[in-house]
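The structure appears below as structure tokens.
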Amino acid sequence: MGKAFDVGAVPFNSDGWGPPETAAAGGSSNLPLNVPFAPFSRSDKLGRIADWTRNFNNPTRSKNPADSVFDFTNDDSFPASADDDASFRLVDGKPPPRPKFGPKWRFQQQRQLPQRRDEEVEARKREQEKERARRDRLYHMNRSNPNAPRREAAVFKSSVDIQPEWNMHDQIPFSTFSKLSFTVPEPEDLLLCGALEYYDRTYDRITPKNERRLERFKNRNFFKVTTTDDPVIRRLANEDKATVFATDTILSTLMCAPRSVYSWDIVVQRVGNKLFFDKRDGSQLDLLSVHETSQEPLPEAKDDINSAHSLSVEAAYINQNFSQQVLIRDGNKVTFDEANPFANEGEEVASVAYRYRRWKLDDDMYLVARCEVHSVVDVNKQRSFLTLNALNEFDPKYSGVDWRQKLETQRGAVLATELKNNANKLAKWTAQALLASADMMKLGYVSRIHPRDHFNHVILAVVGYKPRDFAAQINLNTANMWGIVKSIVDLCMKLNEGKYVLVKDPSKPQVRIYEVPADAFENDYVEEPLPEDEQAQPPAEGTEEAETGTTNDVEDKQIDVQA
């Protein structure tokens with residue numbers, strides 16, 4: 001057998017635990033040799049055996065043999081080199097923390113562990129990328145040539161073709177309109193015609209959660225009769241009731257001209273000492289502009305459901321149906337002095353009343369206008385007239401505001417967006433309500449059931465405003481409105497007898513007055529596209545601008561021919 005393991009002598013301590021004090025004092029210890037021993041208490045901190053948290057992966061650091069996990073030259077854990085317990089460190093058995101925010105680790109993890117995304121989010125991002133690319137393409141197209149016309153000039157066309165035999169008399173920049181001011185006294189009602197149905201107040205409680213389908217009223221007739229075709233205005237003119245005659249649609253177009261972007265035209269006829277403001281058959285004034293003052297360009301293709309023309313037709317259709325749907329159709333009507341002057345016997349007509357009103361513009365100058373109200377409501381046993389109009393949402397990605405989500409919680413944000421994108425249309429509606437002295441104007445929020453379905457719509461909300469309060473909210477100054485009308489009337493009164501046309505320039509904020517033949521815009525008057533060299537050019541402020549305007553007109557006429 002081999003030699004047995006010698007445990008050594010273990011002294012017995014009869015006074016307690018541990019080695020007896022006599023053995024330690026006598027020096028007869030059986031401790032291993034060459035092992036340093038330091039007496040410690042349980043409250044003392046222990047030194048480290050090895051430091052595994054030190055970083056030696058820095059390639060710029062010089063290699064030093066002393067750089068080791070067992071190097072304690074700078075460690076103060078031993079009493080021979082440290083006198084302060086504060087320098088002691090606890091032993092930590094946890095692994096060293098991994099760096100979580102290093103750029104190198106972040107990009108590596110994204111390559112190694114790609115995140116899983118939802119398909120709908122991916123599709124939305126692809127659509128946003130396509131839209132961004134389209135905007136960039138349009139931007140670079142418009143900016144590639146610094147001398148090229150502005151986007152408005154390239155996209156918008158004149159509402160009427162300027163013929164070579166037309167003689168331009170004057171052009172008025174919109175900047176001069178902003179300084180005008182004129183105060184008119186309260187108007188007097190000369191005649192009220194038509195019949196009104198009562199407003200259904202249940203529509204005031206509509207929300208996007210209990211929306212209502214927009215109905216179609218194909219059997220009700222709507223009339224857009226111009227001034228000189230109105231038998232009542234003809235009768236008033238023969239009775240010398242006034243010297244200037246117009247409709248509320250024409251007056252509101254003039255009053256809100258500085259806010260307009262699209263081109264429009266108004267026919268002016270000077271007959272003796274009288275002045276008639278007319279619109280052409282099929283004029284743009286019969287339609288409602290959409291996104292006219294928006295910075296986001298609409299599709300240029302005329303057959304696109306979101307083009308400016310398609311949206312104008314859709315908006316007019318929505319406006320007519322909305323104005324009839326929100327009524328109590330029980331046969332109870334409020335009638336006036338005369339029946340509807342444009343309806344035939346037994347014909348079903350829309351709920352509308354015409355107020356023929358007269359304003360005094362000067363000592364010997366009066367203006368008569370036909371104004372419309374669409375409904376009536378009894379408030380505190382008093383009869384109040386209403387105007388009914390509808391804003392329409394066609395695609396939320398153009399406006400950036402989804403009505404179904406925002407109308408209930410952020411209605412002010414929705415209205416602010418509409419005021420930015422449709423400033424001219426809302427101003428014209430407000431001006432018409434002021435001209436008719438309506439007590440309330442109701443604005444409906446109508447949206448497509450689906451962004452690609454322009455035939456079916458739903459009513460999401462109906463909000464009422466007092467016209468004067470709403471005019472102050474949208475910064476529409478009544479004195480300035482009448483100042484514009486008065487200046488144009490004074491200018492036309494200085495013209496010779498004949499027919500003229502007032503045209504808003506499609507590319508610049510200004511209006512021009514042309515003298516046209518007496519048979520212009522009649523049924524037998526045919527306007528044909530003209531080549532560039534035969535186009536009538538206005539007096540140019542600069543050669544470049546004149547050429548720009550001519551080129552745009554020619555391009556627009558070519559588009560019409562192809563259509």
Notebook entry, point to check: Checking D505 side chain against K508 main chain: does a donor-acceptor pair fall under 3.5 Å?
Noted result: yes

Check: Does the pair D453/R448 count as a salt bridge with the N-to-O cut at 4.0 Å?
Finding: no

Notebook entry, point to check: Shortest non-hydrogen contact from V290 to L298?
Noted result: O-CD1, 3.7 Å

Notebook entry, point to check: How long is the gap from CG on D469 to OG1 on T430, to the nearest 0.5 Å?
Noted result: 11.0 Å

Checklist line | Partners passing side chain to side chain donor-acceptor pair (under 3.5 Å) against R468 (at least two apart in sequence or in another chain) | finding: none

Check: Under a 4.0 Å N-O cut-off, is there an ion pair linking R512 with D170?
Finding: no

Next item on the list: Could I get the full list of side chain to side chain contact (heavy atoms under 4.5 Å, CB included) partners for K333, not counting sequence neighbours?
Entry: A195, E197

Checklist line | Main-chain N/O of S289 paired with K425 side-chain donor or acceptor, under 3.5 Å | finding: yes

Check: Does a donor on one side chain and an acceptor on the other come within less than 3.5 Å for D278 and T226?
Finding: yes

Next item on the list: Before giving the answer on salt bridge (charged side-chain N to carboxylate O under 4.0 Å, His left out), spell out for R235 and E338 the whole-Å C-alpha distance, their side-chain angles and the decisive distance to 0.1 Å.
Entry: CA-CA 14 Å; R235 190 173 74 210; E338 296 183 11; 3.1 Å; yes

Check: Going from OG on S323 to CZ on R220, what distance comes out if it is rounded to the nearest 0.5 angstrom?
Finding: 9.0 Å

Next item on the list: Find the distance between CD1 (I513) and CE (M168) and round it off to the nearest 0.5 Å.
Entry: 9.0 Å

Notebook entry, point to check: Are the side chain of H374 and the backbone of L388 linked by a donor-acceptor contact shorter than 3.5 Å?
Noted result: yes

Margin query: Just by distance, no angles: are the side chains of E418 and N422 close enough, under 3.5 Å, to form a donor-acceptor pair?
Written below: yes

Next item on the list: Please say whether more than 12 non-hydrogen atoms of neighbouring residues, nucleotides or ligands are located less than 6.0 Å from CZ in R411.
Entry: yes

Notebook entry, point to check: Which pair of non-hydrogen atoms, one from A438 and one from P467, has the smallest distance, and what is that distance?
Noted result: O-CG, 3.3 Å

Next item on the list: Determine, step by step, whether M481 and L476 satisfy the side-chain contact (heavy atoms from CB on, under 4.5 Å) criterion, reporting the C-alpha distance in whole Å, the side-chain angles of both residues, the deciding distance to 0.1 Å, and the verdict.
Entry: CA-CA 8 Å; M481 288 164 32; L476 188 65; 3.5 Å; yes

Next item on the list: Could you pull out the closest heavy-atom pair between F455 and R216, with the gap in Å?
Entry: O-NH2, 3.1 Å

Margin query: Looking only at side-chain N and O atoms, does R213 offer a donor or acceptor that is under 3.5 Å from a partner on N456?
Written below: yes

Notebook entry, point to check: Charged N to carboxylate O under 4.0 angstrom, K504 versus D265?
Noted result: no

Check: Taking NZ, NE, NH1 and NH2 as the nitrogens, is one of them in D204 or K442 under 4.0 Å from a carboxylate oxygen of the other?
Finding: yes

Item checked: Within the 6.0 Å centroid threshold, strictly below: F342 and Y354 -> yes

Margin query: Can you give me the closest heavy-atom contact between T243 and M493, atom names plus distance?
Written below: O-CE, 4.1 Å

Item checked: Under 3.5 Å: donor-acceptor pair, side chain of N392, backbone of A315 -> no

Margin query: Under the rule for ring pair (Phe, Tyr, Trp, His ring centres under 6.0 Å), what residues qualify as partners of Y262, not counting sequence neighbours?
Written below: F156

Notebook entry, point to check: Sub-3.5 Å donor-acceptor pair from the side chain of R259 to the main-chain atoms of T293, do we have one?
Noted result: no

Notebook entry, point to check: Taking atom types as modelled, is there a side-chain donor on Q432 or S252 under 3.5 Å from an acceptor on the other?
Noted result: yes

Margin query: Using a strict threshold of under 4.0 Å (side-chain N to carboxylate O), is an ion pair present between D286 and K224?
Written below: no

Note to self: If I compare all heavy atoms of C193 with all of P341, which pair ends up nearest, and what's the gap?
What the structure shows: CB-CD, 3.9 Å

Margin query: With a sphere of 6.0 Å drawn around CD of Q382, does it hold more than 12 non-hydrogen atoms of other residues, nucleotides or ligands?
Written below: no

Next item on the list: Report the C-alpha separation of I250 and T227 in whole Å, then their side-chain angles, then the decisive distance to 0.1 Å, and conclude whether the side-chain contact (heavy atoms from CB on, under 4.5 Å) test is met.
Entry: CA-CA 9 Å; I250 295 172; T227 308; 3.8 Å; yes

Note to self: Please determine whether a side-chain nitrogen of the Lys or Arg among K466 and D439 lies less than 4.0 Å from a carboxylate oxygen of the Asp or Glu.
What the structure shows: no

Next item on the list: Could I get the full list of side chain to side chain donor-acceptor pair (under 3.5 Å) partners for D337, not counting sequence neighbours?
Entry: none

Check: Does the pair D490/K486 count as a salt bridge with the N-to-O cut at 4.0 Å?
Finding: yes

Check: Taking only residues two or more places apart in sequence, or in another chain, which ones meet Y199 in a ring pair (Phe, Tyr, Trp, His ring centres under 6.0 Å)?
Finding: none

Notebook entry, point to check: At what distance, to the nearest 0.5 angstrom, does CD of Q410 lie from CG of D402?
Noted result: 11.5 Å

Margin query: If we ignore hydrogens and angles and just use 3.5 Å, is the side chain of N321 paired with the main-chain N or O of Y317 as donor and acceptor?
Written below: yes

Check: N480 versus F182: any side-chain heavy-atom pair under 4.5 Å?
Finding: no

Next item on the list: Could you tell me whether the side chains of W264 and S260 share a donor-acceptor contact shorter than 3.5 Å?
Entry: yes

Item checked: Side-chain donor-acceptor contact under 3.5 Å, R234 with T228 -> no

Note to self: Please determine whether side-chain contact (heavy atoms from CB on, under 4.5 Å) holds for the pair S375 and L196, giving the CA-CA distance in whole Å, both sets of side-chain angles, and the decisive distance to 0.1 Å.
What the structure shows: CA-CA 5 Å; S375 181; L196 292 176; 5.5 Å; no

Note to self: For Y500 and H169, I'd like to know if the aromatic rings sit close, meaning centre-to-centre distance below 6.0 Å.
What the structure shows: yes

Check: Got a second to check how far H454's NE2 is from S310's OG, nearest 0.5 Å?
Finding: 7.0 Å

Next item on the list: May I ask you to check whether R357 and S437 show a side-chain donor-acceptor distance below 3.5 Å?
Entry: yes

Notebook entry, point to check: Between W403 and Y445, how do the two ring planes meet: parallel, tilted or perpendicular, split at 30° and 60°?
Noted result: perpendicular

Check: Between F322 and H457, does the ring centroid distance fall short of 6.0 Å?
Finding: no

Notebook entry, point to check: Considering the options I266, L502, V511, which one meets the side chain to side chain contact (heavy atoms under 4.5 Å, CB included) requirement together with I488?
Noted result: L502

Next item on the list: Of all the heavy-atom pairs spanning T409 and Q405, show the shortest one and how long it is.
Entry: OG1-O, 3.6 Å

Check: Do side-chain atoms of E292 reach the backbone of V261 as a donor and acceptor pair under 3.5 angstrom?
Finding: yes

Next item on the list: Report, as yes or no, whether the 6.0 Å neighbourhood of atom CG on N167 holds more than 12 heavy atoms from other residues, nucleotides or ligands.
Entry: yes

Next item on the list: For the pair F470 and Y465, name the ring-plane relationship: parallel under 30°, tilted 30 to 60°, perpendicular over 60°.
Entry: tilted

Note to self: Checking the side chain of D230 only, and the main-chain atoms of V232 only, is there a donor and an acceptor separated by less than 3.5 Å?
What the structure shows: yes

Notebook entry, point to check: Is a donor on one side and an acceptor on the other found under 3.5 Å between the side chain of K428 and the backbone of C256?
Noted result: no

Notebook entry, point to check: To the nearest 0.5 Å, what is the distance between CZ (F217) and CD (Q320)?
Noted result: 11.5 Å

Notebook entry, point to check: So, are E188 and R358 salt-bridged, with charged N and O less than 4.0 Å apart?
Noted result: yes

Margin query: Given 3.5 Å as the limit, does a donor-acceptor pair link the side chain of N306 with the main chain of F394, or not?
Written below: no

Notebook entry, point to check: F277: what forms a ring pair (Phe, Tyr, Trp, His ring centres under 6.0 Å) with it, not counting sequence neighbours?
Noted result: none

Check: Is the shortest side-chain N to carboxylate O distance from E348 to K218 below 4.0 Å?
Finding: no

